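Below is one structure, written out as structure tokens, with a few remarks after it.
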Amino acid sequence: MTVGSGDDRYVRWRAAQAVQLLAWIASLLPPEVHRLAIAELGGADHVAAEVARAEGPGRRTGRRPDGDHPDGGRPDGGSPTARLREAGSVLECDAALAAGAGVDWPALAAAHRCEPFGRHQRRALIARPDCPDAFTAELLTPWDPRVANRLVARRRELPPWAWRPGLARIGELRPSLLRHVLTGENAADLLRATPRLDLLVAAVDGYDHNHHRQIQAFWEAVGAALRAGVGADPDAWLTAATRLPGHRGSLRGLLRGLRRPAVAGAAGQPDLRVLLQAPPEVLVAVVARYGDGELSDLADRPLRRLRAREYFARTFVDRLHEAGVPPRALFARWALGAYGRATATHAWLHGLDARLDHSIDHHAHADAQLRRLLVWRRPPEPPVVDVVARLRRCLGPVEAQAVLDRACGEAGHPPWPELVRAHTPAPLPEPVLCVLADRAGFPDVLARSLPRERLVQLAGHGPATARAALADLADTSTGSALIDRVRGSGVLDDRELLTAIRPALEALRYGYHLPRQASRRDTWGALCAELAGRAAAAAGPGFWPAAAEHLPGYDGPLPRFLATAGPPSPDSPPGTPPR
């Protein structure tokens, strides 16, 4: 590789992406404007090639390199059903189904009723996301676990009839299929219908950090069932927590057997995940029975084998706080490294562990509610005579919040002119700027002094921080997420956002990559198209190629770019940039 070749490829990629994004915006304009734009950009074939190059290798064009025959040029390849029946493996079946222009599902269903397909064919058919529901039910009869387990490949929610027949033979189902069918809506049904709780719990234990909703839905369903069947009996809850995760039977059988003594040698430790579902008064009473060492063992036993450890560590401390359990240093140690805890839990744990306090202080920079919860625990702040001088002496965001609330009230306006004058020769401390960012009227000059990390955290707190955060999105991988956060906060409307986002290419890229069916994409695209259509009409012929040439290197906002993107006038000297 020669020096600079990577940079050259990046420049070419940006240029191709510019063509792609402008073609997308042109597609939202009236047909005659769209046709003119495509012609100016080099024609439909050129645009398609640029789009493919921007999206990278592996993009499917939908065209066959071997002509129009779905059998690779073999007009005598036989009927699709015959080729499917002749296939000797699931992969060959997949190839046979993919060979045609589309799958004729009614014909395949009729053929299956006349002569049922074999296992390979059923496994290939049932795995396709476009397999009709009625045909799916037929493919599951007679029951074959190797066919049923292929349902997981469909990656979409399955109706109850698709998974209920398999619960009677749950041991033959892949845990990934059980995880696939579990949703927040059917967790209680699945829990009641399964004949083997231990296998269902083991499947849920395999969830990773991307499936917190399903994990929460399952354990909440467990809690609801136990609260209905056990009530507020601490001893019964301890028994249920000991037996449920390994119970080789149904939920109904577990509840019936809670009053019976444990089988000799079967006693074990209660599972803290079950205990956390108990009513608050039960959880307080149960936790009070254990010392730190015993509680640590109760938490460690389920956590050590879970992929979603962080979720459960966070859930443990949040639930203990919600129930009113007195705080302990052990709970602060559990919370270390478990991100996303509730704000009130942060305050509940403050002062129990120096390392956690450091983390809580970090969160307090961007969380006004947390700062105020911690302020209420501090001694009252004495009257503030010189607010600027007193803020300069603050060592952290909580102290700055206390000073500001004392001087200006919880919603009052700080003396912005004095603060800006004091900031110009010697910048105010970072924690003070973070606290000021939550106040109405926070000036742009102060927002621009915040470090990039803090700007990203505070982007949705006010117009100034949003504008500063969006002013440099070039080459960032989190630009779309940041725009989404600001857009969701409502601190800027879409027109203001387009004026704030730099460079212009990022505003177009954001809209293009929004989900195609989302109304947010439609409204964003309509606004970009409005600006582009007005600019193209004012500039006349040559607007689109001039815009494609200069968009990749332009570092200003999209409205300004479009307003000046037309070709230079004929009298301009060679090399003149667009208007």
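None of these values were measured; they are calculated from a predicted model.
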Check: [Y] main-chain N/O paired with [X] side-chain donor or acceptor under 3.5 Å:
X      : Y      : result
Arg319 : Leu283 : no
Thr242 : Leu238 : yes
Arg150 : Ala127 : no
Asp300 : Ser296 : no
Gln121 : Ala87  : yes

Using a 4.5 Å cut-off on heavy atoms from C-beta on, say whether the side chain of [Y] contacts that of [X].
X      : Y      : result
His247 : Asp198 : no
Leu244 : Leu197 : yes
Val286 : Pro270 : no
Leu558 : Cys528 : yes
Asp189 : Arg192 : yes

Which atom of [X] lies closest to which atom of [Y], heavy atoms considered:
X      : Y      : answer
Ala111 : Thr81  : CB-CG2, 3.8 Å
Gly231 : Pro279 : O-CG, 3.8 Å
Leu482 : Val456 : CD1-O, 4.2 Å
Trp544 : Leu41  : O-CD2, 3.7 Å
Ile483 : Trp524 : CG2-CH2, 4.5 Å
Leu140 : Arg122 : C-NH2, 4.1 Å

State which residues pass side chain to side chain donor-acceptor pair (under 3.5 Å) with [X]; sequence neighbours excluded, sorted by chain then number.
X      : value
Thr523 : Arg487
Arg123 : none
Thr343 : Asp367

Please report the C-alpha distance between Val287 and Leu275 in whole Å, then the side-chain angles of each, then the deciding distance to 0.1 Å, and finally whether the side-chain contact (heavy atoms from CB on, under 4.5 Å) criterion is met. CA-CA 9 Å; Val287 170; Leu275 290 177; over 6 Å; no

Roughly how far, to the nearest 0.5 Å, is [atom2] of [Y] from [atom1] of [X]?
X      : Y      : atom1 : atom2 : value
Leu200 : Ser250 : CG    : OG    : 12.0 Å
Leu470 : Arg485 : CG    : CZ    : 10.5 Å
Tyr311 : Ile215 : OH    : CD1   : 6.5 Å
Leu498 : Tyr510 : CG    : OH    : 10.5 Å
Arg273 : Thr315 : CZ    : OG1   : 11.0 Å
Leu320 : Phe331 : CG    : CZ    : 5.0 Å

- Task: May I ask you to decide if the ring planes of Phe117 and His112 are parallel, tilted or perpendicular, using 30° and 60° as cut-offs?
- Result: parallel

Just list the side-chain donor-acceptor pairs under 3.5 Å for residues 219-228, sequence neighbours left out, or say none.
from, atom 1, to, atom 2, distance (Å)
Glu220, OE2, Gln216, NE2, 2.9
Arg227, NH1, Gln277, O, 2.7

Let me see the working for Gln214 and Val204 under side-chain contact (heavy atoms from CB on, under 4.5 Å), right down to the final yes or no.
CA-CA 8 Å; Gln214 291 94 326; Val204 175; over 6 Å; no

Pair Arg146 + Asp144: basic N to acidic O under 4.0 Å:
no

- Message: If the threshold is 4.0 Å, N to carboxylate O, is there a salt bridge linking Arg509 and Glu506?
- Response: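 Yes.
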
Return all side-chain donor-acceptor pairs below 3.5 angstrom for residues 92-100, not counting sequence neighbours, or 'none' if the list is empty.
from, atom 1, to, atom 2, distance (Å)
Glu92, OE1, Gly88, N, 2.7

Residues pairing under ring pair (Phe, Tyr, Trp, His ring centres under 6.0 Å) where one sits in residues 14-41, two or more places apart or in two chains, turn out to be Trp24-Tyr512

How far apart are the C-alpha atoms of Asp297 and Tyr290, what are their side-chain angles, what is the distance that settles it, and do they pass the side-chain contact (heavy atoms from CB on, under 4.5 Å) test? CA-CA 10 Å; Asp297 288 342; Tyr290 294 99; over 6 Å; no

* Asked: Where do Asp271 and Val201 land on the side-chain contact (heavy atoms from CB on, under 4.5 Å) test, with the steps shown first?
  -> CA-CA 12 Å; Asp271 194 308; Val201 171; over 6 Å; no

